[in-house]
Amino acid sequence: MGIRVFNVAEKHSVARDVSAILARNQGGLRSRDGRYRKWHSCDPLDLYHAPVKKHVPQDKLNIKQTLEEEARKCQWLILWLDCDREGENIAFEVVQVCTEANRQLNVWRARFSSIIEREIHQSIQRLGRPNQLFSDAVDVRQEIDLRIGASFTRFQTMLLRDAFVLDFAADGRNVILSYGPCQFPTLGFVVERYWEIQSHEPEEFWTINCTHNSDDCIASFNWMRGHLFDYTCAVIIYEMCIQEPTATVTQVRQRETLKRPPHPLSTIELEKRASRYFRMGAKQTMKVAEELYLSGFISYPRTETDSFSPETDLHTIVQDQQQHPVWGSYAQRLLDPGEGLWRNPSNGGHDDKAHPPIHPTKFSGGESSWTPDHHKLYELVVRHFLACVSQPAVGAETTVDIDIAGELFSTTGRVILAKNYLEVYRFESWGGSIIPTYTQGHQFIPTTLTLDSGVTRPPPLLSEADLMECMDKAGIGTDATMHDHIQKLLDRYYATKDMNTTRFTPTHLGEALVMGYDDMGYELWKPYLRAMMESDMKAVSIGTKNKAEVLATCLQQMKACFQDAKLNKAKLFEAMDVFFERANRPVGNEQHTFGEVVRRCDRCQESDMVLKRKPDGNFMVGCLGYPQCKNVVWLPGPISEASVTTTVCSTCTPGPVFMIQFKFRRLEIPMHFSTEHLGCVGGCDDILKQLIETCGTGSRDILGVSGRGRGSNTSSSNVQQSIPRQRTCTNCRQTGHTSNNCPSQASRSRSARSQGTNQQGEPSIPCGTCGNPCTLRTANTESNRGKKFYSCQGCNFFIWEDVYNERNAPSSNHSNRASAQSRRGGRGRGGRSGRSASNTNGGNFVSARSVTNTNGGNFVSATGEPITDRRCFICQDPSHFANVCPSRGM
DNA sequence: GCAAGGTC
């Protein structure tokens, strides 16, 4: 009895073709973890260590079932998944499902780079085993992307969405401010170019141009000095030339030049060229290419490879095209050795070891079902392929140098001797201009000799092709996903695309986010993180690094970065303030959601209880399940600092209940209490109870600020239930009055906006946002331990001490807007220059002074008037030219 | 509701 083999492919087209070929001779797992899926179920920081579970989603269960059923019937499993790292990972998912159903399965991996008969048979002959290391590398990437993406996306969305009026979206409250290791660097490229443009200061320059008409053609000579920024200098030289305008040919050089055909076509090149030649967006290009691939007309369109393997039968591919009415004759000539047109394709230097370059796989003279885009793309693929196997174009170039009054000028003319590949590759041209015949020593009077001005121009906004080039160089995304990342910028309102120019401009939102992280000093918007991950993945895939080590190291770094970002969130607020109004609506809990986990909620038993600081500066421990769960533990008012420790209370249940290190304000607590206390909110802590009894909880519900449920029916906490609360003034934190009639206010109002100390003697500064005092604190995070910062007791305002001091130094005139300006100003010149030497004709030279020789040797002005006024340009004296002007002191 | 990578 023969062996029954179960063949599994990644695409049904592969399954169809492989089975068809072999017969002639005889969905995926997704990651999730239920408990952490709801945004409010945990602190986003928890996402760095939450377990990752893989499961088969509901709508793919039928695939799993089919795999299991077939696996049970077979002895062999052959994996025909795509031959790249991602394919290897999917292969292992298939193996997992199938071997669970049939432990006896003999698992094989088929490796192939195209679905052609010969190759399929070869791969059957050379079956190997799946490569665990390739799959591991993908697991690493998946997990890092998921943790970083989810944590930062939740963080910045919950932090900013409700705090600002995001008027670009119909419902700003549903906007998602996503972060991803690919989409953010892509945004970074767009913003960086935009800043470069903003900071550009146009500078006027001057150049001398010379033309000569002869033999019915024109030569345009360029000044060897290029251009000068010094007007006086340029004028002096120009006047010297006018004084002695005879040109002498000093050198004539002739040489043969080649224009080489492009490398074989990779996905990125396909996208870039379709954008350039047809203005087809990358997304549309991939959609059409996918359809052409699925109907068999072109090879797999997602490939990094830009060189053909020596085994590829290139001639057969050309033969298929011989019958085409337009390029068929070119294909015939290619195959005719007598023509000498054939050349083996160049090697672009990239090979993904999975797919060949994109090439035609089936002839078509155009299908009736095709849209114009299908026609265009198929034509591009075919012509590109034919160009790749063609000789380069050959040209004869003539360069002529001339001398006018000691100044050198040069021109180049080109005659194309053989078009070769350019005959079929109609998308490219080779500018050739015919110039008059010159010989060395030949003299002539220029037809025109002009002094022209121009202004330096900033670079253009990034086009889709530019953006893809940036991403490609930095290794952002894959050939298959690059266009998705670009699209994501548009979907998230981070950037807009001009439909005419296909160029990208960042929106205020996009700019603010990049600015915020940039101000923190993080390069999260730069491509380095992805580049590092990519190199680590590569190391895992070849076995030089261990999967677990790479994961641990990367996540540890990103977690520290995330914690820092939380601490520095004021930077994001400041950047958003530059562009957006603050929302008037009461900010949801989301802004204050984050906190350190104290325990699992003992009431709902679903979410965590976290230590949080409320907008009024007081501390509380609340359930993240709010508003479904209103469990809350109130804490004494006089707390100045509180942080959750890793110490677990030995008494309270259900555990673990992590203890909190408190620091109390000396003046607000009875003398016999210590200012330091390691306490528990699980109900066992008598000191906390006594302090609440004596000093109150500091809750501000009496002022109508805190709206969270606080009745006796809202908490199961012993502390909260047993203690009546007292009113505490938010200014001085004493009981017995409110901030409205606080005795400290009269004396403080005048000094409210200067640096000083608060009522407790702590150094404080006035908050720039709400006016409340910001007290000086010391950071306790891993990366900033010991660093001082001011934190507002009334709002989210936060500023590092050194930054505050720098900004408030006597010479500083810093402001948020000035900061944005100076960033855009790049070199600190503050945006657009006052010297608005604007280029009034859209980038072409604006002639300042020009003279034209059309009347047999005498120069006339551009308007045709004879030039009689030959005064010195500097002093206006008609007796000399500027080059000998006495005012120059020469 | 979140990433990026596959596929359709």
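Convention: sequence-line order gives letters A, B, ...; per-chain numbering from 1.
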**Message:** Using a 4.0 Å heavy-atom cut-off, does A:K488 contact any base of the nucleic acid, only the sugar-phosphate backbone, or nothing at all?
**Reply:** sugar-phosphate

**Item:** From B:dG5, B:dT7, B:dC2, nucleotide with atom closest to A:R141 side chain
**Value:** B:dG5

**Interatomic distance, A:E534 CD vs B:dA4 P [rounded to whole Å]** = 14 Å

**A:S178 side-chain proximity, nearest of B:dG1, B:dA3, B:dC8** = B:dA3

**Message:** Taking any heavy-atom pair under 4.0 Å as a contact, classify A:D82: base, sugar-phosphate, or nothing.
**Reply:** sugar-phosphate

**Request:** Kindly say whether the aromatic ring centers of A:Y522 and A:Y517 come within a distance under 6.0 Å.
**Result:** no

**Message:** Measuring to OP1 and OP2 of B:dG6, would you say a side-chain N or O of A:T478 lies under 4.0 angstrom away?
**Reply:** yes

**Message:** Of the listed nucleotides (B:dT7, B:dC2, B:dG1), which one gets closest to any side-chain atom of A:T153?
**Reply:** B:dC2

**Item:** Gap between atoms CG and C1', on A:D479 and B:dA4 respectively (whole Å)
**Value:** 13 Å

**Prompt:** Base, sugar-phosphate, or nothing for A:F152, non-hydrogen atoms under 4.0 angstrom?
**Reply:** nothing

**Request:** Kindly write out the residues that satisfy side-chain hydrogen bond (donor to acceptor under 3.5 Å, both in side chains) with A:K545, not counting sequence neighbours, or none if the list is empty.
**Result:** A:D536

**Message:** A:D136: which residues meet the salt bridge (Lys or Arg N to Asp or Glu O under 4.0 Å) condition with it, sequence neighbours left out?
**Reply:** A:K547

**Prompt:** Expressed in angstrom and rounded to an integer, what is the separation of A:I476 atom CD1 from B:dA4 atom C1'?
**Reply:** 12 Å

**Asked** Once you round it to whole Å, what is the distance between C1' of B:dT7 and CH2 of A:W80?
**Response** 19 Å

**Request:** May I ask you to say what A:G87 touches in the nucleic acid, namely base, sugar-phosphate or nothing, with a heavy-atom cut-off under 4.0 Å?
**Result:** nothing

**Request:** Name the nucleic acid region contacted by A:I176, choosing base, sugar-phosphate or nothing; use a 4.0 angstrom heavy-atom cut-off, strictly under.
**Result:** sugar-phosphate

**Asked** Side-chain N or O of A:T481 less than 4.0 angstrom from OP1 or OP2 on B:dG5?
**Response** yes

**Prompt:** When the distance from CG of A:N89 to P of B:dG5 is rounded to whole Å, what number comes out?
**Reply:** 13 Å

**Message:** Quick check on B:dT7: is either OP1 or OP2 less than 4.0 Å from any side-chain nitrogen or oxygen of A:Y300?
**Reply:** yes

**Request:** Return no unless some side-chain N or O of A:Q183 is found under 4.0 Å from OP1 or OP2 of B:dA3.
**Result:** yes

**Asked** Is the distance from OP1 or OP2 of B:dC2 to the nearest side-chain N or O of A:R492 less than 4.0 Å?
**Response** yes

**Asked** Can you check the A:H355 NE2 to B:dT7 P distance for me, whole Å?
**Response** 7 Å

**Request:** Round to the nearest Å and state the distance from A:D145 atom CG to B:dG5 atom P.
**Result:** 7 Å

**Request:** Compare the minimum distances between each of B:dC2, B:dA3, B:dG1 and the side chain of A:H40, then state the nucleotide with the smallest one.
**Result:** B:dG1

**Item:** Ring-on-base stacking B:dA3 with A:Y179 (under 5.5 Å, under 30°)
**Value:** no

**Item:** Test item: A:S178 and A:T153 side chains (from C-beta on) under 4.5 Å apart, heavy atoms
**Value:** yes

**Message:** In terms of relative ring orientation, are A:W108 and A:W76 parallel, tilted or perpendicular, with 30° and 60° separating the classes?
**Reply:** tilted

**Request:** Rounded to the nearest angstrom, tell me the gap between atom CD in A:Q156 and atom C1' in B:dA3.
**Result:** 12 Å

**Prompt:** So what does A:R147 touch, heavy atoms closer than 4.0 Å: a base, only the sugar-phosphate, or nothing?
**Reply:** nothing

**Request:** Check every strand shown and say whether A:F562 touches a base, only sugar-phosphate, or nothing at a heavy-atom separation below 4.0 Å.
**Result:** nothing

**Asked** Hey, what's the ring geometry for A:F579 with A:H508, parallel, tilted or perpendicular (30° and 60° as the breaks)?
**Response** parallel

